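Just so you know, ligand 1 is whichever comes first in the structure, and atom 1 is the first atom listed for that ligand. All of these numbers come straight from a predicted model, not from anything done at the bench.
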Amino acid sequence: TGPLPYSRPGAQPAVIRLRALLVLLLGPALLATSAWAVEPLDYRVLAKKPQERRNFIQGLEILDGKLYVSSGHYGQSRLMRYNFSDMNLEVSKSLNRRLFAEGVTILGPRLYQLTWRERMMLVFDRQSLEALEWFPIKGQGWGLTNNGEQLIYSDGSDRLHFMSPDTRSVSRSLRVTENGRPLDRINELEWIDGRVWANIWQTDRIVVINPESGVVEASLDLQGLLPASERRPDTDVLNGIARDPADGSIWVTGKRWPWLYKIEVQQGN
Ligand code: DDQ
Ligand code: CA
C-alpha cells in the first residue's frame, strides 16, 4: 500500500489553505446569524406619571423611592430629586450657567453628574445633594450609569467608558457595534440585569448592549410612545431610562416630555 494521496508532501498545506479560506469566507456569515443577531423587542405601557415639561432630560435614575433628574441646556441646567411616588420636587439645584448637564448616577455615598462639552464630572453628596467637587473626564460627557462598581459613561461616539470612582481614570473603553458596525451617538444609559441599555441620540430607539463584547443584543423601537397630539414645538427626542430597583420596573421619557412611562418589555418578532 502506498501513501494516502493527501499525505503526499506538499498536499497538506493546500488542505490547510482551503480550510483557512472557508473559515475566512463563512466566519462572518456565521457570526452575522448568531453572535450579531439583534433581537427586536416589543413593549407595553403599564403606567405613566406626569413630568415637568421644562425638564430637558439628560439623565434619569431611581433609587430608594427617589427620582433623580439631570436637566440640560446652558443657563438652565439643574439637578433635581423628586419623591417618586407623588413626584413632589424635594431638591432642585441650578448649575453654573456655563455648564450643560448630562447623565446622572449614584454610586456609593456619591452622586455623579456629567457635563457635556465642559468635560467635567460633578460630585455631590448622595444624601444632602451638596456639591462636593468635580474632576475632568476624557471626551465629552453624554450618558452615565454604573454597574455597582464602576461608573460607565458615553461621549457621543460608539464608545462606553468604564471608570472606577476611586481612580477616576478610564480603565476600559468598549466599542459598541450593531450587526458588526459601529453604533455611535450613544446617549442616556441604564444598567439593567447585567446589560447596558442606551438611548441613541435623535432616534426613538433603545438598544441593549453586552458590556463585555460591546455587541448590541436587542433593540426596542419606541416610536409613537409620545403621541403627536401631546407634542409641542420644543418637544425633543426620547431620552432617559431608569430601572426602579424596588420592583425592577423600567421607566422611560424624553427631553421636555410631559410624561414618564413605565414600560414592560417582551421579545418581539
Ligand atoms: N447631547 O445631549 C446630545 C449631548 C447634547 C444635546 C444638545 C442639544 C441642544 C444643543 C444646543 C447647543 C447650544 C450651544
Ligand atoms: Ca439612567
Side-chain angles (χ1 to χ4, degrees), residues 49 51 54-64 66-82 84 95-107 111-122 126 137-148 150-161 183-209 211 220 222 233-246 248-257 260-263 265:
K49 279 177 190 273
Q51 199 214 180
R54 64 179 182 146
N55 289 348
F56 193 81
I57 304 272
Q58 300 286 67
L60 198 70
E61 188 158 296
I62 302 167
L63 194 59
D64 298 333
K66 310 291 179 188
L67 174 75
Y68 295 84
V69 172
S70 174
S71 183
H73 262 286
Y74 295 112
Q76 301 171 26
S77 285
R78 278 168 302 142
L79 170 64
M80 283 159 285
R81 180 168 76 204
Y82 295 86
F84 194 45
L95 303 192
N96 183 291
R97 64 185 173 84
R98 293 171 190 275
L99 299 178
F100 197 120
E102 292 282 339
V104 71
T105 198
I106 294 171
L107 181 55
L111 177 146
Y112 298 85
Q113 186 178 29
L114 266 182
T115 60
W116 180 25
R117 301 186 293 192
E118 299 69 52
R119 305 184 179 211
M120 293 164 73
M121 181 81 84
L122 312 179
R126 170 186 177 158
I137 55 146
K138 205 182 90 181
Q140 294 191 357
W142 285 43
L144 180 63
T145 189
N146 76 83
N147 60 9
Q150 287 174 301
L151 298 168
I152 304 170
Y153 75 94
S154 62
D155 63 7
S157 72
D158 59 342
R159 285 165 193 258
L160 290 179
H161 303 291
L183 180 64
D184 60 11
R185 291 183 287 153
I186 296 175
N187 209 3
E188 224 278 298
L189 306 175
E190 187 75 8
W191 180 264
I192 300 178
D193 301 328
R195 296 287 183 271
V196 178
W197 290 39
N199 285 111
I200 305 303
W201 190 45
Q202 289 182 321
T203 75
D204 292 310
R205 221 154 64 88
I206 288 174
V207 296
V208 178
I209 302 163
L220 174 62
L222 288 162
D234 70 343
T235 305
D236 209 295
V237 291
L238 178 83
N239 201 44
I241 315 166
R243 176 184 181 271
D244 185 350
S249 58
I250 293 168
W251 293 81
V252 296
T253 187
K255 304 183 188 196
R256 304 205 201 283
W257 280 30
L260 293 160
Y261 293 95
K262 178 181 173 177
I263 57 167
V265 174

Practice prompt. Write the atom name of the N, O or S atom in Glu190 that is nearest the Ca ion (ligand 2).
Written response: OE1
Worksheet item: How far is atom 6 (C) of ligand 1 from its nearest protein heavy atom, and which residue and atom is that?
Response: Lys255 NZ, 3.8 Å
Worksheet item: Looking at Gln58, which atoms of ligand 1 are within less than 4.0 Å of one of its heavy atoms?
Response: 2 (O)
Discussion item. Before moving on, can you tell me the angle at the Ca ion (ligand 2) between the O atom of Leu189 and the OE2 atom of Glu188, to the nearest 10 degrees?
Written reply: 70°
Practice prompt. Could you tell me whether the Ca ion (ligand 2) has an N, O or S atom of Val104 under 3.0 Å away?
Written response: no
Worksheet item: After noting the C-alpha distance and the side-chain angles of Trp197 and Val208, does the key distance pass the side-chain contact (heavy atoms from CB on, under 4.5 Å) rule?
Response: CA-CA 5 Å; Trp197 290 39; Val208 178; 3.8 Å; yes
Discussion item. With respect to the Ca ion (ligand 2), please indicate if Leu60 possesses an N, O or S atom at a distance under 3.0 Å.
Written reply: yes
Item to complete: Please assess Lys49 against Trp251 for the test side-chain contact (heavy atoms from CB on, under 4.5 Å), listing each intermediate value before the final yes or no.
Response: CA-CA 10 Å; Lys49 279 177 190 273; Trp251 293 81; 3.7 Å; yes
Worksheet item: Are the side chain of Arg256 and the backbone N or O of Arg54 linked by a donor-acceptor pair below 3.5 Å?
Response: yes
Discussion item. Donor-acceptor pair, distance only, cut-off 3.5 Å: does the side chain of Ser70 make one with the backbone of Val104?
Written reply: no
Worksheet item: Can you find an N or O of Glu102 that's nearer than 3.5 Å to an N or O of ligand 1?
Response: yes
Fill in: Phe56 and His73 aromatic ring geometry - parallel, tilted or perpendicular at 30°/60° bounds
perpendicular
Worksheet entry | N/O/S from Ile241 sitting under 3.0 Å away from the Ca ion (ligand 2) | yes
Worksheet item: So, Glu61 and the Ca ion (ligand 2): N/O/S under 3.0 Å, yes or no?
Response: no
Worksheet item: Of the protein's non-hydrogen atoms, which lies at the shortest distance from atom 11 (C) of ligand 1, and what is that distance?
Response: His73 CE1, 3.8 Å
Worksheet item: Should you measure from each heavy atom of Trp201, which atoms of ligand 1 turn up under 4.0 Å away?
Response: 3 (C)
Discussion item. What's the separation between atom CG in Asn146 and atom CD1 in Ile152, rounded to the nearest 0.5 Å?
Written reply: 7.0 Å
Worksheet item: Considering only the protein, which heavy-atom contact is closest to atom 8 (C) of ligand 1, and what is its distance?
Response: Phe56 CZ, 4.2 Å
Worksheet item: Which residue supplies the protein heavy atom nearest to atom 14 (C) of ligand 1, what is that atom called, and how far is it?
Response: Arg117 NH2, 3.4 Å
Item to complete: Applying side-chain contact (heavy atoms from CB on, under 4.5 Å), run through Gln51 and Trp257 and close with a yes or a no.
Response: CA-CA 7 Å; Gln51 199 214 180; Trp257 280 30; 4.3 Å; yes
Worksheet item: Would you say the side-chain atoms of Glu102 and Trp142 include a donor-acceptor pair closer than 3.5 Å?
Response: no
Worksheet entry | Per-atom contacts of ligand 1 with Phe100, taking only distances under 4.0 Å to non-hydrogen atoms | 7 (C)
Discussion item. Ignoring hydrogens and geometry beyond distance, is a side-chain donor-acceptor pair present between Arg126 and Tyr68 at under 3.5 Å?
Written reply: no
Worksheet item: Hey, does the side chain of Asn239 reach the backbone of Trp201 with a donor-acceptor pair shorter than 3.5 angstrom?
Response: no
Practice prompt. Please write down residue, atom name and distance for the protein heavy atom closest to atom 12 (C) of ligand 1.
Written response: Trp116 CZ3, 4.1 Å
